[in-house]
Amino acid sequence: MRKFFIGILVLIFGMTALSASAFQDRYLTHDNFGLIVDKHERARHFAVCAAIYEVAAVVHENLFDQAAEGKQMRELSYGAKVAVSMTFVAGMGDLDDDAIKERFKATWDFAKLMAETMPATVTTVLEADMSKATDEDSLMNVLEPIFETATICMNNLEFQQVMIDLWRELAMSGLVTSPSE
């Protein structure tokens with residue numbers, strides 16, 4: 001059964017084993033996203049979570065035939081993508097200048113792009129890391145930092161929700177659309 005599990009994981013994430021992980025031993029550098037000052041670093045952390053949740057969704061759906069859990073992971077992934085976009089909006093800085101409308105539009109366009117591309121990049125890294133697993137021991141070595149990262153992401157769901165609520169407020173005002181639009 002374990003060899004079957006390893007085979008399925010390698011098949012699902014069939015990336016070339018020559019890829020090198022950009023994150024190596026740990027995918028996140030901070031445990032509390034609310035304490036991250038730099039908007040780019042905070043957005044990267046949410047992007048990692050979006051990718052982790054997406055990988056978890058695939059595993060739940062394809063390996064364990066758990067559609068509901070897979071759907072829940074996809075929803076968490078979407079929420080993390082919203083948090084990526086809102087990190088850039090919240091980090092705009094001075095809102096009192098004359099060009100605020102143009103700056104806001106440009107920021108929102110950039111934020112939407114980052115909400116899709118940043119998690120996609122991390123997903124590629126995760127797939128490459130998982131493709132390196134050749135047996136049960138190497139699979140566990142690959143999965144350990146992923147599990148650790150998932151725990152950190154889950155511990156930051158409250159802050160992720162704050163970012164989602166900010167997006168909802170701006171969406172109700174008509175200032176923003178869905179990050180995927």
Side-chain angles (χ1 to χ4, degrees), residues 1-34 42-87 112-165 167-168 178-181:
M1 179 66 175
R2 288 180 183 195
K3 287 184 180 181
F4 173 74
F5 178 73
I6 292 169
I8 294 295
L9 277 177
V10 171
L11 184 63
I12 290 172
F13 304 105
M15 299 291 291
T16 165
L18 299 175
S19 300
S21 170
F23 303 109
Q24 296 178 359
D25 295 332
R26 185 169 172 175
Y27 295 93
L28 297 174
T29 55
H30 299 283
D31 292 335
N32 185 337
F33 298 1
R42 182 182 289 164
R44 187 185 73 76
H45 276 60
F46 280 122
V48 168
C49 292
I52 292 283
Y53 294 140
E54 189 61 36
V55 168
V58 170
V59 170
H60 279 293
E61 292 167 352
N62 296 328
L63 291 181
F64 302 123
D65 198 27
Q66 298 173 330
E69 287 85 353
K71 182 178 180 185
Q72 180 183 25
M73 290 295 111
R74 284 205 197 303
E75 289 171 356
L76 289 173
S77 178
Y78 184 74
K81 289 178 181 181
V82 169
V84 168
S85 64
M86 293 313 299
T87 295
K112 290 190 304 185
L113 178 65
M114 293 300 99
E116 294 303 319
T117 59
M118 290 177 77
T121 300
V122 177
T123 299
T124 301
V125 170
L126 292 172
E127 290 171 346
D129 285 352
M130 293 181 79
S131 74
K132 295 174 187 173
T134 57
D135 58 28
E136 185 178 340
D137 289 337
S138 64
L139 177 62
M140 291 314 297
N141 288 336
V142 169
L143 291 178
E144 187 176 327
I146 292 173
F147 293 151
E148 178 183 337
T149 301
T151 300
I152 294 169
C153 291
M154 296 297 262
N155 289 340
N156 281 279
L157 283 176
E158 187 174 319
F159 188 64
Q160 179 175 312
Q161 188 61 51
V162 167
M163 301 304 272
I164 293 168
D165 292 344
W167 170 79
R168 286 179 178 154
S178 168
S180 61
E181 291 179 5

Between [X] (side chain) and [Y] (backbone), is there a donor-acceptor pair under 3.5 Å?
{"X": "N156", "Y": "D31", "result": "yes"}
{"X": "Q160", "Y": "L76", "result": "yes"}
{"X": "H45", "Y": "T29", "result": "yes"}
{"X": "T87", "Y": "A83", "result": "yes"}

[X] versus [Y], closest heavy-atom pair with distance:
{"X": "R44", "Y": "Y27", "result": "NH1-O, 3.3 Å"}
{"X": "M118", "Y": "A47", "result": "CB-CB, 3.6 Å"}
{"X": "I152", "Y": "H30", "result": "CG2-O, 3.8 Å"}
{"X": "T149", "Y": "V48", "result": "CG2-CG1, 3.6 Å"}
{"X": "C49", "Y": "L28", "result": "SG-CD1, 4.4 Å"}
{"X": "K81", "Y": "A50", "result": "CG-CB, 3.9 Å"}

Does the side chain of [X] reach to within under 4.5 Å of the side chain of [Y], using non-hydrogen atoms?
{"X": "Y53", "Y": "M154", "result": "yes"}
{"X": "M163", "Y": "F33", "result": "no"}
{"X": "Q66", "Y": "V59", "result": "no"}

Determine whether the side chains of S138 and N141 contain a donor N or O and an acceptor N or O closer than 3.5 Å.
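Checked: S138/N141 side chains show no N/O donor-acceptor pair below 3.5 Å.
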Worked verdict on L157 versus Q161 for side-chain contact (heavy atoms from CB on, under 4.5 Å)
CA-CA 6 Å; L157 283 176; Q161 188 61 51; over 6 Å; no
Carefully, step by step, assess E75 and K71 under the rule side-chain contact (heavy atoms from CB on, under 4.5 Å).
CA-CA 6 Å; E75 289 171 356; K71 182 178 180 185; 3.3 Å; yes
Taking atom CD as the centre, does E144 end up with more than 12 heavy-atom neighbours from other residues, nucleotides or ligands that are less than 6.0 angstrom away?
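Counting neighbours around CD of E144, 12 or fewer heavy atoms of other residues, nucleotides or ligands fall under 6.0 Å, so no.
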Stepwise side-chain contact (heavy atoms from CB on, under 4.5 Å) test for L126 and E54:
CA-CA 10 Å; L126 292 172; E54 189 61 36; over 6 Å; no
Take H60 and Q72, measure what side-chain contact (heavy atoms from CB on, under 4.5 Å) needs, and give me the verdict at the end.
CA-CA 10 Å; H60 279 293; Q72 180 183 25; over 6 Å; no
